[in-house]
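Just so it is clear, the values below take in all heavy atoms, side chains as well, and ignore hydrogens, waters and symmetry mates.
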Amino acid sequence: MTAPTIDRDSHSQLLLNSYRHWVGSDLIDRSGSLEDQAQRLFDASFVVVSHGTQADPILNYGNQTALNLWELDLERFCQTPSRLTAEPMHREERARLLERTTRDGYVDDYSGIRISSTGRRFFLPQATVWNLIDEHGKFAGQAATFREWRFL
């Protein structure tokens with residue numbers, strides 16, 4: 001499968017540049033063209049997701065690993081409110097995480113439980129969540145990445 005084509009290069013750069021800004025390192029190898037970087041991010045063996053700035057944020061990016069984990073195609077994934085990635089009993093904890101991320105810029109010590117579109121639950125032992133900021137420093141959403149998960 002190829003990376004998403006709608007603004008994929010610019011959104012990938014937003015993800016990558018914001019990650020570098022907050023964390024101080026690169027999420028992936030940044031060599032090559034913007035298209036090469038977008039494809040590398042989409043094909044990464046770890047999860048990368050993001051949501052927008054709506055009052056009830058909608059997912060707007062998931063790489064192939066994320067799509068597989070949440071058992072959704074890209075079109076359905078990008079229509080999903082991000083709160084639905086957590087079960088109702090875990091949404092308050094998720095909201096606190098996002099508030100802390102908004103305040104601090106990024107969080108690299110998050111662990112929690114998430115749920116796929118088919119109800120398959122999984123535990124994240126460590127995730128990094130960061131604010132997306134555009135080239136003018138304006139808030140543009142939030143993103144998360146994690147390399148490990150365990151099905152429950």
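For S31 and D29, the side-chain atoms include at least one donor-acceptor pair closer than 3.5 Å. Donor-acceptor pairing under 3.5 Å is lacking for the side chains of S12 and Q39.
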Working for side chain to side chain donor-acceptor pair (under 3.5 Å), residues Q64 and N68: CA-CA 6 Å; Q64 188 62 58; N68 293 344; 2.9 Å; yes

Audit row: T80, L72, side-chain contact (heavy atoms from CB on, under 4.5 Å) steps and yes/no: CA-CA 10 Å; T80 302; L72 289 167; 4.0 Å; yes

side-chain contact (heavy atoms from CB on, under 4.5 Å) between R120 and L152, intermediate numbers included: CA-CA 8 Å; R120 195 168 188 195; L152 302 174; over 6 Å; no

Residue pair Q126, D109: steps toward the side-chain contact (heavy atoms from CB on, under 4.5 Å) verdict: CA-CA 6 Å; Q126 182 175 9; D109 62 353; 5.6 Å; no

CA sep, side-chain torsions, deciding dist, call: H21, I133, side-chain contact (heavy atoms from CB on, under 4.5 Å): CA-CA 9 Å; H21 172 86; I133 51 172; 3.5 Å; yes

CA sep, side-chain torsions, deciding dist, call: E71, T118, side chain to side chain donor-acceptor pair (under 3.5 Å): CA-CA 7 Å; E71 302 176 283; T118 65; 2.4 Å; yes

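The line from CZ of R96 to OG1 of T101 is 12.5 Å long, rounded to the nearest 0.5 Å. Atoms NE2 and CZ, on H90 and R83 in that order, are 16.0 Å from each other to the nearest 0.5 Å. Separation of atoms CD (E135) and CG (L14) is listed at 8.5 Å; rounding is to 0.5 Å. Separation of atoms OH (Y61) and CG (L132) is listed at 12.0 Å; rounding is to 0.5 Å. The CG atom of L27 sits 11.0 Å away from atom OG of S18, with the distance rounded to the nearest 0.5 Å. For the atom pair CZ of F151 and CZ of F123, the computed distance is 14.0 Å after rounding to the nearest 0.5 Å.
By the 4.5 Å heavy-atom criterion applied to side chains, D56 and P81 are counted as neighbours. Between Y19 and S25 there is a side-chain heavy-atom pair separated by less than 4.5 Å. The closest side-chain heavy-atom distance from V49 to W70 is below 4.5 Å. Residues L15 and S50 form a side-chain contact, since some pair of their non-hydrogen atoms from C-beta on lies under 4.5 Å apart. Here the side chains of F46 and T65 are not in contact, with every heavy-atom distance at 4.5 Å or above. R150 has its side chain out of reach of I113: every pair of non-hydrogen atoms, C-beta onward, lies at least 4.5 Å apart. With a 4.5 Å cut-off on side-chain heavy atoms, D7 and S10 count as touching. Annotation: side chain of L69 is in contact with side chain of F122 (closest heavy-atom distance under 4.5 Å).
The environment of CZ in R76 is sparse: at most 12 heavy-atom neighbours from other residues, nucleotides or ligands sit within 6.0 Å. Other residues, nucleotides and ligands contribute more than 12 heavy atoms inside 6.0 Å of the CD atom of E93.
The pair D134-K138 does not count as a salt bridge, with every side-chain nitrogen at least 4.0 angstrom from each carboxylate oxygen. We find that R91 and E87 are not joined by a salt bridge, their nearest charged nitrogen and carboxylate oxygen being 4.0 Å or further apart. A salt bridge is defined here as a Lys NZ or Arg NE, NH1 or NH2 lying under 4.0 Å from an Asp or Glu carboxylate O, and D36 with R30 fails to meet this definition.
W149 and V129 fall within the same hydrophobic cluster, defined by Ile, Leu, Val, Met, Phe, Trp and Tyr side-chain heavy atoms under 4.5 Å apart, directly or through other members. The same ILVMFWY cluster, assembled from side-chain heavy atoms under 4.5 Å apart, contains both Y110 and V23. Transitive grouping of hydrophobic side chains (ILVMFWY, heavy atoms separated by less than 4.5 Å) brings Y106 and L98 into a common cluster.
Applying the salt bridge (charged side-chain N to carboxylate O under 4.0 Å, His left out) test to D108 and every residue at least two apart in sequence or in another chain returns nothing.
Side-chain atoms of Q37 do not come within 3.5 Å of backbone N or O of Q13 as any donor-acceptor pair. T128 places no side-chain N or O within 3.5 Å of a backbone atom of A144 that could act as its donor or acceptor partner. A distance-only check finds no donor-acceptor pair linking the side chain of S82 to the backbone of H51 [under 3.5 Å]. With hydrogens and angles ignored, the 3.5 Å screen pairs a side-chain donor or acceptor of N63 with a backbone N or O of V48. With hydrogens and angles disregarded, no donor-acceptor distance shorter than 3.5 Å links the side chain of R121 to the backbone of R114. No donor-acceptor pair closer than 3.5 Å links the side chain of T53 to the backbone N or O of G141.
Between F77 and L59, the shortest heavy-atom distance links the atoms O-CB, 3.4 Å.
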